[in-house]
Number of protein chains: 2
Amino acid sequence: MTEALLAFFKALADESRLKIVGLLAQGERSVQELATLLDLKEPTVSHHLAILKAQGLVSARAEGTTRWHRLDVDVLEGLSRRVLESPETGSGAAEPETWDAKVLRGFVDAEGRLTTIPASRRKRGVVLRWLMTAFEPGRRYPESEVNVIIQSKHWDSATLRRELIGHRMLAREGGVYWRLPEAGWVEGGAATP
Amino acid sequence: MTEALLAFFKALADESRLKIVGLLAQGERSVQELATLLDLKEPTVSHHLAILKAQGLVSARAEGTTRWHRLDVDVLEGLSRRVLESPETGSGAAEPETWDAKVLRGFVDAEGRLTTIPASRRKRGVVLRWLMTAFEPGRRYPESEVNVIIQSKHWDSATLRRELIGHRMLAREGGVYWRLPEAGWVEGGAATP
DNA sequence: CTTCTAATTAGATGATTGTCGAATGACAAG
DNA sequence: CTTGTCATTCGACAATCATCTAATTAGAAG
């Protein structure tokens, strides 16, 4: 849907075409007249008219070899509405998902392994949340098992384990780890000094 | 007034910017998020946002180093109206004048002499009407005087004299010429074989 | 059929501008 | 003060597109 809008704005995003629309708003004009009034050559005007016609903004009427062009005003109605409605009508529950998906696609390869740990706070949060899906809620893990699980995604288990704890996703007590409820997961998390 | 409109359409006549508007229509976004969602680099997004801000379409709110951008919907209101109102509100009695002036500027030099006889029917009509201003209504001219008057504008008095008669601007009877009333001046006129 | 004019199509060129990498600025945290 | 992240600015490159000339199509009129 954004496709059609783009073409429409491109059609009007040119000085010559805007002037043509302005002139046609006053009445019919031939290619020749437009060319003279705009200080352009006929082929140029023809080109512009073709673009405006493609958007349904202009239509032509033949009279001998001359073609009289008129403005079709209807197409301009409800313009702002179309702009705001373009990216789906729903205000969207499927909205934050897209951002996460994009981030993961950038940092997780085809085999499901983490290629790089994101430097950006926000993106690191996304990756860590994704990492946590490997841990079951309620279950208790010895450190060795935590490392094995993390290493199945990325070699640097030490750093990632520290990050998970900093973000309040994982908790530790006496060498035993367990997954914390998502409600407590923190945005900023621990720094990486 | 067409200036501002042009900038406005140019701002929206880009795929990336249209997508940004679409995303911001759903809620606030940071530069980073937009860059990820659109598969663009941050500098590019910054550039686009600057353009949208210049048109009052987007405004920003700072939160730490992050800037949350929101869409300002008001600017989109009454868009089609602005397009049609751009080239003056008046539907214009000063309208055909402009076309004639442009044509004359193209065929009459600084000294007020006709450089070329227009090949185009319509333009030739304009030039001939202009030529007729050298003749007083009601007065009768011998052919020699007609030639002198025309030659003060262009060397080829024979052709022009024939054209003036063909267009029903000048009349002849028994070697005497006189100006006809403008009401009878014909559009197509005689061909030039 | 030939000539003339109005308009379009085709191809080439030049200006505009979207995009990126590198450098810089700004701000929070240790 | 130093470090790290989010953002902007700068300069350069590449793709898009408006414009032109030349050639072609389509009517109209001799």
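Below, chain A is the first sequence line, B the second, and so on; all start at residue 1.
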I'd like a table of atom pairs between the protein and nucleotides 6-9 of chain C - only N or O on both sides, under 3.5 Å - with the distance next to each one.
unit_1, atom_1, unit_2, atom_2, d
dA6(C), OP1, Gln32(A), NE2, 3.4
dA6(C), OP1, Ser120(B), OG, 3.0
dA6(C), OP1, Arg121(B), N, 3.0
dA6(C), OP2, Gln32(A), NE2, 3.3
dA6(C), O5', Gln32(A), NE2, 2.9
dA6(C), O4', Thr65(A), OG1, 2.8
dA7(C), OP1, Arg67(A), N, 3.0
dA7(C), OP2, Gln32(A), N, 3.2
dT8(C), OP2, Ser46(A), OG, 2.2
dT8(C), O5', Ser46(A), OG, 3.3

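What separates CD1 of Ile51(B) from P of dT16(C) is a distance of 15 Å, to the nearest Å. Atom-to-atom, CG of Leu34(A) to C1' of dT19(D) comes out at 16 Å; the value is rounded to the nearest Å. Residue Asp39(B) contributes atom CG, which lies 18 Å from atom P of dG18(C) at whole-angstrom precision. Atom C1' of nucleotide dT19(D) and atom CG of Asp14(A) are separated by 10 Å, given to the nearest angstrom. Atom-to-atom, CD of Glu15(A) to C1' of dT16(C) comes out at 13 Å; the value is rounded to the nearest Å. Taking atom CZ of residue Arg17(B) and atom C1' of nucleotide dT17(C), one finds them 9 Å apart after rounding to whole Å. In this structure, CD of Glu63(A) is placed 10 Å from P of dA28(D), rounded to the nearest angstrom. As rounded to whole Å, 15 Å separates atom P of dT9(D) from atom NE2 of His48(B).
Scanning all heavy atoms of the two residues, the minimum distance from Ala4(A) to Gln55(A) falls at O-OE1, 4.2 Å.
For Ser16(A), a side-chain nitrogen or oxygen approaches OP1 or OP2 of dT19(D) to under 4.0 Å.
Side chains of Thr115(A) and Asp109(A): a donor-acceptor N/O pair is absent below 3.5 angstrom, by distance only. With 3.5 Å as the limit, one finds no donor-acceptor pair spanning the side chains of Arg29(B) and His69(B). Neither side chain, Asn147(A) nor Ser144(A), offers a donor N or O lying under 3.5 Å from an acceptor on the other.
Between Gly64(A) and Lys10(A), the one whose closest nucleotide on DNA chain D sits nearer the 5' end is Lys10(A).
Here Tyr177(B) pairs with nothing under the ring pair (Phe, Tyr, Trp, His ring centres under 6.0 Å) rule; sequence neighbours left out.
Using the six-membered ring where Trp is involved, Phe9(B) and Phe9(A) have ring planes that are tilted, between 30° and 60° apart.
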